[in-house]
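Chain A is the first sequence line, chain B the second, and so forth, proteins listed ahead of strands; every chain is numbered from 1. Just the heavy atoms: all of them, side chains too, but no hydrogens, waters or symmetry mates, feed the values below.
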Amino acid sequence: MKRPSRCSRRFESQGWRAGHQRIAGVDEVGRGALFGPVAAAAVILDPSHRIPGIQDSKQLSPRQREELAVEIRRSALAWAVGSADAEEIDRINIYQASRLAMRKAVLQLNPPPDLLLVDALRLDLAIPQISIVRGDARSVSIAAASILAKVERDSWMREWDRIYPQYQLAQNKGYPTPAHRAGLEKYGPTALHRRSYSPVAAAALALRSRRQASPLASHLPSPKIAEW
DNA sequence: ACGAACCAACTATTGCGTAA
DNA sequence: TTACGCAATAGTTGGTTCGT
């Protein structure tokens, strides 16, 4: 590991000492994917209940993430998930869409938080907040949020895999793996692909010119593909 | 323009427990 | 003792945007 920093509650403890009651960790997942929404989660952990094993979702196996997610949802004072879909990502860019998804998650929290610990960026909200670089590896609340967001998004991808089986989404989660690219090459993008991402745009363009070149090609088996 | 930040899967390499 | 295989770890790759 390049950065050995360990996940702790030091940021939370600081906030509690300063008099904050409900500190929410906020994180997002799915930025690099070619397909589907970016997902965010916000979690207010119970100060009196500690969950062993919480850390950066990237350090956990899928199995561990599932189990921890159950425990987090059960014991948290509040938790919520928000997202921004591919259309929004194409319109306002992935960075702004990530912020939007985070904001949606935070605004759904009930009771509302009085302090936010946000992973790496600053949100447009009238709530005190601390931005923490590599927060998912350093703050338990952000780590918990990263776990919920990841688990949630992965389950969406498994569902979409049933609708669009030609991209292996259950396996690659929408990320640009060889299998996903192959599907993109062959069938072009769906309505849920991020067309502003270069591999998606390239595939759409390639498919288009291929069809123009040979009218027969437009009758090749093509799945439920959005009108382009 | 370039480095740092975020996102994640894939692949190859180790290490360890257990079975033959 | 060897062989197999799963699990954890490290390195590579590939997506984007921000801030200096």
Any side-chain heavy-atom pair from A:Arg194 and A:Ile94 closer than 4.5 angstrom? yes

Nearest-Å distance, CZ (A:Arg65) to C1' (B:dC7)? 13 Å

Over how many whole Å does the gap from A:Ile92 atom CD1 to C:dT17 atom P extend? 11 Å

From CG of A:Asp90 over to C1' of C:dT16, roughly how many Å is that when rounded to an integer? 12 Å

Answer yes when A:Lys150 and A:Asp154 have at least one side-chain N-carboxylate O distance shorter than 4.0 Å, and no when they do not. yes

Shared hydrophobic cluster, A:Leu109 / A:Val26 (ILVMFWY, side-chain heavy atoms < 4.5 Å): no

Spacing between A:Ile94 atom CD1 and B:dC6 atom P, to the nearest angstrom: 15 Å

From CG of A:Leu100 over to P of C:dT17, roughly how many Å is that when rounded to an integer? 16 Å

Please tabulate, one pair per line, each protein N/O and nucleotide N/O from nucleotides 12-15 of chain C that are separated by under 3.5 Å, including the distance.
unit_1 : atom_1 : unit_2   : atom_2 : d
C:dG14 : O3'    : A:Arg181 : NH2    : 3.0
C:dG15 : OP1    : A:Arg181 : NH2    : 3.2

Roughly how many Å is it from CZ in A:Arg194 to C1' in B:dA8, rounded to a whole number? 11 Å

Should A:Val106 and A:Arg103 count as side-chain neighbours, where that means a heavy-atom distance under 4.5 Å? no

Donor-acceptor pair, distance only, cut-off 3.5 Å: does the side chain of A:Asp136 make one with the backbone of A:Asp119? no

So, A:Arg31 and A:Glu28, do they make that salt bridge, N to O below 4.0 Å? yes

Write down the distance between CG (A:Leu121) and C1' (C:dT17), rounded to a whole number of angstrom. 11 Å

Going by heavy atoms in the side chains, are A:Leu192 and A:Tyr164 under 4.5 Å from each other? yes

Name the nucleic acid region contacted by A:Asp154, choosing base, sugar-phosphate or nothing; use a 4.0 angstrom heavy-atom cut-off, strictly under. nothing

I need the CE-C1' distance between A:Met157 and B:dA8, as an integer number of Å. 11 Å

Contact nearer the 5' end of DNA chain B, comparing A:Gln171 with A:Glu28: A:Glu28

Double-helix bend of the helix from B:dA1-C:dT20 to B:dA20-C:dT1, axes at both ends from 5 pairs, round to 10°, gives 30°

Evaluate the ring planes of A:His193 and A:His180, with Trp represented by its six-membered ring, and classify them as parallel (under 30°), tilted (30 to 60°) or perpendicular (over 60°). tilted

Each residue besides A:Phe11 in its hydrophobic cluster should be listed here, by chain and number; the cluster joins Ile, Leu, Val, Met, Phe, Trp and Tyr at side-chain heavy-atom distances under 4.5 Å. A:Trp16, A:Ile23, A:Leu115, A:Leu117, A:Ile130, A:Ile132, A:Ile142

Atom pairs, protein N/O to nucleotides 18-20 of chain C N/O, distance under 3.5 Å:
none

With sequence neighbours left out, the residues meeting salt bridge (charged side-chain N to carboxylate O under 4.0 Å, His left out) with A:Glu12 are none

Here the salt bridge (charged side-chain N to carboxylate O under 4.0 Å, His left out) pairs for residues 81-99 of chain A, sequence neighbours left out, are A:Glu87-A:Arg91, A:Glu88-A:Lys104

